Novice: 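Sharing a structure with you now.
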Amino acid sequence: MKVAVTGASGLIGSALVPHLRARGDEVLRLVRRPAVAPDEVSWDPTAGTVDLDALAGIDAVVHLAGAGVGDHRWTDEYKKTILDSRVDGTHTIVQAMTALDPKPRTLVAGSAIGWYGETGNRAVDEQAPAGSGFLADVVRAWEAAADPAAEAGIRVTHARTGL
């Protein structure tokens, strides 16, 4: 399987990429700088650009890119960075996926348990409604940015991870 991964150098991506390779998958890492290695593909989620030629023939995308939520003070400006990095990045990768022919079959889109809001000790699963507050609002917008992929016939899965 040929898999493109955004956020490949992050917490999850840095473990996922070697795992995919160990099972025999070909992995392309999307990087926000000029590609220098054969397994790198340049993209700029802020500008909305991706090297489409380099993505030709991919079967799936694992989209994990986004600004860190635990490494900065949450000023109004940084909250905007958190939101924009997720929504713009998702929009950019979805736009690229839907432009490819043939289209990749699957998008595994990073998401977060922030969807549920503050739940205390109450157990939740994917049937639970969205919560309220900043993180829940971010996750709603983030997941919605992947809707055009589903509308184009690409299977979309949201991986709601947490610390």
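Not measured: the values here are computed from a predicted model.
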Novice: Side chains of I93 and T6, heavy atoms from C-beta outward: is any pair under 4.5 Å?
Specialist: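 Contact flag for I93/T6 side chains = yes.
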Novice: How far apart are the closest heavy atoms of V69 and W74, and which atoms are they?
Specialist: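 That would be O-NE1, 2.9 Å.
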Novice: Please report the interatomic distance OG(S14) to NE2(H19), rounded to the nearest 0.5 Å.
Specialist: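 Output value for this atom pair is 13.5 Å.
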Novice: Check whether D25 reaches the backbone of V27 with its side chain - one donor and one acceptor, N or O, closer than 3.5 Å.
Specialist: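 No, D25 side chain to V27 backbone: no donor-acceptor pair under 3.5 Å.
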Novice: Compare all side-chain heavy atoms of V3 with those of E26 and state whether any distance is below 4.5 angstrom.
Specialist: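 The answer is no, as the side chains (C-beta and beyond) never meet within the 4.5 Å cut-off.
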Novice: To the nearest 0.5 Å, what is the distance between OG1 on T119 and CD1 on I113?
Specialist: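 Going from the OG1 atom of T119 to the CD1 atom of I113 covers 7.5 Å.
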Novice: Locate the shortest heavy-atom distance separating A149 from T98; write the atom from each residue and the value.
Specialist: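 Between these two residues, the closest heavy atoms are CA-CG2, 4.2 Å.
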Novice: Nearest heavy-atom pair of V139 and S111: which atoms, and what distance?
Specialist: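 Scanning both residues, the minimum pair turns out to be CG1-OG, 3.3 Å.
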Novice: Over all heavy atoms of both residues, which pair between G89 and P45 is shortest? Give the atoms and the distance, please.
Specialist: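 Heavy atoms only, the tightest pair is CA-CB, 3.6 Å.
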Novice: Please report the shortest heavy-atom distance between L28 and A54, naming the atom on each side.
Specialist: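 Closest approach of L28 to A54: CD1-O, 3.4 Å.
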Novice: Is the shortest heavy-atom distance from the side chain of M97 to the side chain of I154 under 4.5 Å?
Specialist: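 Sidechains of I154 and M97: in contact.
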Novice: What is the minimum heavy-atom distance between A35 and S42, and which atoms define it?
Specialist: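 Residues A35 and S42, closest heavy atoms: N-OG, 2.8 Å.
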Novice: Which value, rounded to the nearest 0.5 Å, describes the distance between K79 atom NZ and D84 atom CG?
Specialist: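 Answer for the NZ-CG pair, K79 versus D84, is 13.5 Å.
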Novice: If we ignore hydrogens and angles and just use 3.5 Å, is the side chain of E118 paired with the main-chain N or O of G120 as donor and acceptor?
Specialist: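 Present.
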Novice: Using the test side chain to side chain contact (heavy atoms under 4.5 Å, CB included), find all partners of L83 that sit at least two apart in sequence or belong to another chain.
Specialist: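 Listed in chain order: V87, V138, A141.
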Novice: Would you say R86's side chain and I82's backbone share a donor-acceptor pair under 3.5 angstrom?
Specialist: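 Judged by distance alone, yes, a pair lies under 3.5 Å.
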Novice: More than 12 non-hydrogen atoms from neighbouring residues, nucleotides or ligands closer than 6.0 Å to NZ on K80, yes or no?
Specialist: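 No, the 6.0 Å shell around NZ holds no more than 12 heavy atoms from other groups.
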Novice: Can you list the steps and then say if Y116 with R160 is a side chain to side chain donor-acceptor pair (under 3.5 Å)?
Specialist: CA-CA 10 Å; Y116 305 105; R160 292 183 182 155; 3.1 Å; yes
Novice: Quick one: does W142's side chain have a donor or acceptor within less than 3.5 Å of a partner on S85's backbone?
Specialist: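 Flag not set: sc W142 to bb S85 has no pair under 3.5 Å.
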Novice: Taking atom NZ of K103 and atom CD1 of I58, what is their separation to the nearest 0.5 Å?
Specialist: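 Going from the NZ atom of K103 to the CD1 atom of I58 covers 12.0 Å.
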Novice: Going from CG on L64 to OG1 on T161, what distance comes out if it is rounded to the nearest 0.5 angstrom?
Specialist: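 One finds 8.0 Å between CG of L64 and OG1 of T161.
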Novice: Evaluate the criterion side-chain contact (heavy atoms from CB on, under 4.5 Å) for residue pair R105 and M1; output intermediate values, then yes/no.
Specialist: CA-CA 11 Å; R105 295 186 310 259; M1 186 177 229; 3.6 Å; yes
Novice: If we only count heavy atoms from C-beta on, is the L55 to L100 side-chain gap below 4.5 Å?
Specialist: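 They are in side-chain contact.
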Novice: So, do R155 and L107 sit near enough that their side-chain heavy atoms are less than 4.5 Å apart?
Specialist: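 When only atoms from C-beta onward are counted, L107 and R155 do not touch, as no gap falls below 4.5 Å.
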Novice: Treating Ile, Leu, Val, Met, Phe, Trp and Tyr as nodes and any side-chain heavy-atom pair under 4.5 angstrom as an edge, say whether I12 and V62 lie in one connected cluster.
Specialist: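 Yes; tracing contacts between hydrophobic side chains, which count when under 4.5 Å, links both residues.
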Novice: Are any non-hydrogen side-chain atoms of T106 and D59 less than 4.5 angstrom apart?
Specialist: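 Side-chain contact under 4.5 Å: no.
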Novice: Please determine whether a side-chain nitrogen of the Lys or Arg among R21 and D39 lies less than 4.0 Å from a carboxylate oxygen of the Asp or Glu.
Specialist: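 Result for this pair is yes, salt bridge flagged.
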Novice: Go through V94 and H91 one step at a time and tell me if the side-chain contact (heavy atoms from CB on, under 4.5 Å) criterion holds.
Specialist: CA-CA 5 Å; V94 165; H91 176 75; 6.0 Å; no
Novice: State, with a plain yes or no, whether a side-chain heavy atom of R73 is found less than 4.5 Å away from one of Y78.
Specialist: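 Heavy-atom side-chain distance check fails, nothing below 4.5 Å.
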Novice: Under 3.5 Å, side chain of R140 to main-chain N/O of G131, donor-acceptor pair present?
Specialist: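 Confirmed, R140 side chain pairs with G131 backbone.
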Novice: Is any side-chain heavy atom of T92 closer than 4.5 Å to a side-chain heavy atom of W43?
Specialist: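 T92 vs W43: side chains touch.
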Novice: Are more than 12 heavy atoms, taken from residues, nucleotides or ligands other than H158, located less than 6.0 Å from that residue's NE2 atom?
Specialist: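 Enclosed: over 12 neighbouring heavy atoms sit under 6.0 Å from NE2 of H158.
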Novice: Roughly how far, to the nearest 0.5 Å, is the OG1 atom of T81 from the NE2 atom of H72?
Specialist: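 So the gap between those two atoms works out to 8.0 Å.
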Novice: Determine, stepwise, if the pair V108 / V61 fulfils side-chain contact (heavy atoms from CB on, under 4.5 Å).
Specialist: CA-CA 6 Å; V108 177; V61 172; over 6 Å; no
Novice: Pair T90, H63 - check side-chain contact (heavy atoms from CB on, under 4.5 Å), show working.
Specialist: CA-CA 7 Å; T90 302; H63 173 50; 3.0 Å; yes
